[in-house]
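Mind looking over this structure? Questions follow.
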2 protein chains.
Amino acid sequence: MAISEAEAVVMDVLWREAPRSAEEILAEVGPAQDWQEGTVKSLLNRLLRKKAVHAERDGRRYLYTPLLTREQYVQQESKGLLDRLFGGRVAPLVAHFSEQRKLSKKDIAELRKLLQELDDEQH
Amino acid sequence: MAISEAEAVVMDVLWREAPRSAEEILAEVGPAQDWQEGTVKSLLNRLLRKKAVHAERDGRRYLYTPLLTREQYVQQESKGLLDRLFGGRVAPLVAHFSEQRKLSKKDIAELRKLLQELDDEQH
DNA sequence: CGCAATCATTTACGCGTGTAAACATCGATT
DNA sequence: AATCGATGTTTACACGCGTAAATGATTGCG
């Protein structure tokens, strides 16, 4: 089963650094999300059930480590969107943002560089 | 409120052509989705509540027209993903697909053309 | 006029989600 | 040993979603 948005917030903390205890996760995420301890615990348990994290005992508490990698998650999410909205192809997506004037100077420069690199490794 | 995936399937039909009756929508979408009449009606009612479509009476039935445009929808969805996963910037997204080798020849060609055009209209 | 067909509207139901309260456990402290 | 504090586990609850059955309203037909 897919991991939800609230669950992804917890994963984000673990992707930045792991292993971490529930308390540490709350400390990092609580301010922004205004979550209670119990909320984080619930999310962690759901992530455990989904095999997205692993827990190892550390004295009285658990330390959590991601099993699902950020790469895998990003891959799933973006492929889903791409398939649903752009026929699975990247260019139309970029064209969309281009039409909406949502390409920054920096984006354009980086895209150019990216294409250049693709060229270089071409042979 | 955001429109759900099943609702988006209905919207897709309306985006292709509108106005349409519930029956027509079912005819177009039923085979692929294996939905019953009632399912489509429910989705249409939810879309009405969300002000995503408009219904006008046509004799004994209604004809539905999209209020939310495909552009708006695509915009919301892709901006959401971009913000959540790539810090709101397009280049990292493309880089991601590039790393995953998910850029087709065609994509690359089109991206090149796109950047060229951006160049041209630059002044 | 009364009924069957045709639409639409309402209600339902199990499941996941966001959010947490309630409860259980276990080691430390009096 | 009884209690308290820290942790984790279970249960809860409202809401949206996917899917549809049940019910209601309208109208053409016999």
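Per chain, numbering begins at 1; letters A, B, ... match sequence-line order. All values below come from the heavy atoms of this structure, side chains included, with hydrogens, waters and symmetry mates left out.
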**Fill in**
Testing dG8(D), dC17(D), dT11(D) for proximity to the side chain of Met1(B), the answer is dC17(D)

**Request:** Quick one: do Val74(B) and Gln100(A) satisfy side-chain contact (heavy atoms from CB on, under 4.5 Å)? Show the steps, please.
**Result:** CA-CA 11 Å; Val74(B) 168; Gln100(A) 307 296 133; over 6 Å; no

**Message:** Judged by each residue's nearest nucleotide on DNA chain C, which is more toward the 5′ side, Ala22(B) or Ile3(A)?
**Reply:** Ala22(B)

**Complete:** Taken to the nearest whole Å, CG/Leu47(B) to C1'/dC17(D) is 12 Å

**Request:** Calculate the interatomic distance between Asp58(A) atom CG and dT7(D) atom C1'; express it in whole Å.
**Result:** 12 Å

**Message:** If you only use heavy atoms from C-beta on, which nucleotide in dA8(C), dA20(D), dT17(C) is closest to the side chain of Thr39(B)?
**Reply:** dA20(D)

**Message:** Check the phosphate of dG18(D) against Ser4(B), side-chain N and O only, distance under 4.0 Å to OP1 or OP2. Yes or no?
**Reply:** yes

**Message:** For a quick check under 3.5 Å, do Asp107(B) and Ser104(B) share a side-chain donor-acceptor pair by atom type?
**Reply:** yes

**Prompt:** What nucleic acid atoms does Ser21(B) come within less than 4.0 Å of, heavy atoms only: base, sugar-phosphate, or nothing?
**Reply:** nothing

**Item:** Donor-acceptor pair present, Arg61(B) side chain and dT27(D) base, under 3.5 Å
**Value:** no

**Prompt:** In terms of the nearest nucleotide of DNA chain D, which residue is placed more toward the 5' end: Gly38(B) or Tyr64(A)?
**Reply:** Tyr64(A)

**Request:** Locate the shortest heavy-atom distance separating Trp35(A) from Ala6(A); write the atom from each residue and the value.
**Result:** CH2-O, 3.6 Å

**Asked** Would you find more than 12 non-hydrogen atoms of other residues, nucleotides or ligands less than 6.0 Å from Arg16(B) atom CZ?
**Response** yes

**Request:** Let me know the distance between CG of Leu44(B) and C1' of dC17(D), rounded to the nearest Å.
**Result:** 15 Å

**Prompt:** To the side chain of Arg60(B), which of dT7(D), dT19(C), dT6(C) is closest?
**Reply:** dT6(C)

**Request:** Using a 4.0 Å heavy-atom cut-off across all strands, classify Glu37(B) as base, sugar-phosphate, or nothing.
**Result:** nothing

**Message:** If I take atom CZ in residue Arg20(B) and atom P in nucleotide dA8(C), what distance separates them, rounded to the nearest angstrom?
**Reply:** 15 Å

**Request:** Check Leu63(A) against Ser21(A) and note the closest heavy-atom contact, atom names and distance.
**Result:** CD2-N, 3.6 Å

**Residue-phosphate contact under 4.0 Å: Lys41(B) side-chain N/O, dG24(D) OP1/OP2** = no

**Request:** Starting at atom CD of Glu7(B), determine the distance to atom C1' of dT19(D), rounded to an integer number of angstrom.
**Result:** 13 Å

**Asked** Can you find a side chain N or O atom of Trp35(B) that sits less than 4.0 Å from OP1 or OP2 on dG18(D)?
**Response** no

**Message:** From CG of Leu43(B) over to P of dT9(C), roughly how many Å is that when rounded to an integer?
**Reply:** 14 Å

**Request:** Between Glu23(B) and Glu5(A), name the one whose nearest nucleotide on DNA chain C is closer to the 5' end.
**Result:** Glu23(B)

**Asked** For the side chain of Gln36(A), counting heavy atoms from C-beta on, which of dT7(D), dC17(D), dA20(C) is nearest?
**Response** dA20(C)

**Message:** Applying a strict under-4.5 Å side-chain criterion to I, L, V, M, F, W and Y, I'd like to know whether Leu85(A) and Val29(B) cluster together.
**Reply:** yes

**Asked** Contact class for Ala2(A) (heavy atom, under 4.0 Å): base, sugar-phosphate, or nothing?
**Response** sugar-phosphate

**Item:** Asn45(B) CG - dA20(D) P separation (whole Å)
**Value:** 16 Å

**Asked** Quick one: the side chain of Arg46(B) and the base of dG18(D), do they pair up donor-acceptor inside 3.5 Å?
**Response** yes

**Asked** Once you round it to whole Å, what is the distance between P of dG18(C) and CZ of Arg49(A)?
**Response** 13 Å

